[in-house]
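We use all heavy atoms of the structure for the numbers below, so side chains are in, but hydrogens, waters and symmetry mates are not. We name chains A, B, ... by the order of the sequence lines, and we start the count at 1 in each one.
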There are 2 protein chains.
Amino acid sequence: MFKSVLIAEDQEMTSISVRKTLEDLNITRAEYTYYCDDALMHIRKNLQGEAPFDLLITDLSFEEDHRKQEIAGGVELIDAVRKIAPNIKVLVFSAENKPALIDDLFKKHGINGFVRKARHDAKDLKLAIDALAKGRTYLSPDLKQSVKQKNTFEFTSYDITIISLLSQGTLQKNIPSYLQENDIKPSGLSSVEKRLNMMKEVLEFSKNEQLVAYCKDFGII
Amino acid sequence: MFKSVLIAEDQEMTSISVRKTLEDLNITRAEYTYYCDDALMHIRKNLQGEAPFDLLITDLSFEEDHRKQEIAGGVELIDAVRKIAPNIKVLVFSAENKPALIDDLFKKHGINGFVRKARHDAKDLKLAIDALAKGRTYLSPDLKQSVKQKNTFEFTSYDITIISLLSQGTLQKNIPSYLQENDIKPSGLSSVEKRLNMMKEVLEFSKNEQLVAYCKDFGII
DNA sequence: TATCGTTTTACGGTTTCCCGTATAAAAACC
DNA sequence: GGTTTTTATACGGGAAACCGTAAAACGATA
């Protein structure tokens, strides 16, 4: 089992229950921070000490307040931590439930587990910590299907660029000039139209507004 | 101080910390439910008993699962509870931070306190319970300003209908026929255009796609 | 280099959207 | 009841988006 755990969570109430959960698992050495910057600092400080952290439990969204932070959210914190402590296990504890996003966390940010803040999250969290301690990964049961099934369509970065521009108010006919300036190819208006049509056909949409709504819902943009 | 408290909260972790908070305040008689229907049942059952509940602490959003529920969310629960137990104090504990919505809770649904799930929510919750016990109302400090200032733009149900239709792929020119079928007035195309223009002007947008993205971001649709 | 196949771009016609103005209806006021 | 003010609808010209087709550019291969 883990010897030393760090909790990065800005909600006091949730932080308290996570600590209590650790106590239940007989993990006595746990520290907690309410800010991402503090979390990174704690980890850095204990790197060479007698008891470096072997598990980080972190939220994804942290609220801004008067204290200016270098690290804005959980994803950036994970990347920063991984750079200085590659072997620490990372368990994300968040209310997020967008499959595309969670998939990314495992594949691109190398997290070891994800527990969603939901009905049985206390039990879930214990199971997750246990699984991670045994070298396995963990994903909340209610998410397992949705992440696997790879929701219908794989958006390329090109697609995301186009839809983002639309959602920011860029005129379709002005997208080519933006693409050229950023050396993105193809940049022709017809190519943009073609790609949009293709996306809409696959997803059975007829309007750009639907695409934007869809991408917002699944955290793609 | 309160004698008997009921907690309606679907997240196990949060429910645990709320119970712990009550213990800290020496409130020993607390029950908890993970579903709205159960909460109403508990209150109804204890109405005539020796210790009817004098405080309800409830979340707003409850997730659906296999158990079919009559009461879908916190707002409906509050209304239902108020009908059978007009004197119970109601404290909402939620991550919600839309000023318009919170304002409504106090004015139209007669809640006594609102604590936002945020950085200092544990301290906040204790202060709130104490305030309510003394017959006062309570609102999280970070919300006090924003509720007053009624931020940005107030979407009417008419606005939301229009933007929802767009996000579902309805052609703008077909919106009038939908509005007529549902007896929504005004139903003219010009009126729809006018309203869309007005929204875009206020929010400094130029395209419908931006409106859809904005409404998705703030949970308006 | 020539040829084939694919991808990208250019162009034109049609539909939809955008926006201003004019008319019609309703509400408020005297 | 009549007038003013506000609100809703109708219409039309121009811009943007949509969609199919044709031409051009590109890549791989021989």
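- For the side-chain hydrogen bond (donor to acceptor under 3.5 Å, both in side chains) test, no residue two or more places apart in sequence or in another chain qualifies with B/K207.
- Protein chain A contacts DNA chain D over a range whose 5' and 3' limits, counting nucleotides with an atom under 4.0 angstrom from a non-hydrogen atom, are D/dA16 to D/dC19.
- Residue pairs satisfying the salt bridge (charged side-chain N to carboxylate O under 4.0 Å, His left out) criterion with at least one member in residues 159-176 of chain A, sequence neighbours excluded, are listed as follows: A/D159-A/R195.
- Residues in residues 33-44 of chain B take part in these salt bridge (charged side-chain N to carboxylate O under 4.0 Å, His left out) pairs, two or more places apart or across chains: B/D38-B/R67.
- Among residue pairs with one or both ends in residues 170-209 of chain A, those qualifying as ring-ring contact (aromatic ring centres under 6.0 Å, His included) are A/F205-A/Y214; sequence neighbours excluded.
- Chain A approaches DNA chain C over the interval C/dT8 to C/dC17, counting the first and last nucleotide 5' to 3' with an atom under 4.0 Å from its heavy atoms.
- Taken from CD1 in B/I111 to CD1 in B/I102, the straight-line distance is 8.0 Å, to the nearest 0.5 Å.
- Contacts between residues 188-199 of chain B and DNA chain C, defined by a heavy-atom separation under 4.0 Å, are made by B/E193, B/N197.
- Residue pairs meeting the salt bridge (charged side-chain N to carboxylate O under 4.0 Å, His left out) criterion with at least one member in residues 175-191 of chain B, sequence neighbours excluded, do not occur.
- Each of B/K207 and B/S187 was matched to the nucleotide of DNA chain D holding its nearest heavy atom; the match closer to the 5' end belongs to B/S187.
- A donor-acceptor pair is defined here as one N or O able to donate and one able to accept, closer than 3.5 Å; such a pair exists between the side chain of B/T161 and the backbone of B/S157.
- The side-chain hydrogen bond (donor to acceptor under 3.5 Å, both in side chains) contacts involving residues 116-137 of chain B comprise A/E12-B/K123, A/E63-B/R116, A/D65-B/R119, B/E9-B/K117, B/D24-B/K126, B/D59-B/K117, B/R116-B/D142, B/D124-B/Y138, B/D124-B/S140, B/D130-B/K134, where partners must be two or more places apart or lie in separate chains.
- Between the CG atom in A/L105 and the CD atom in A/E96 there is a gap of 8.5 Å [rounded to 0.5 Å].
- Environment of CD in A/Q168: crowded, with over 12 heavy atoms of neighbouring residues, nucleotides or ligands closer than 6.0 Å.
- Near DNA chain C, meaning a heavy atom under 4.0 Å away, there are no residues from residues 171-181 of chain A.
- Counting only residues at least two apart or on different chains, the side-chain hydrogen bond (donor to acceptor under 3.5 Å, both in side chains) pairs with a member in residues 76-90 of chain B are B/D79-B/H109, B/R82-B/N112.
- Legend: residues meeting side-chain hydrogen bond (donor to acceptor under 3.5 Å, both in side chains) with A/S61, ordered by chain and number and at least two apart, are absent.
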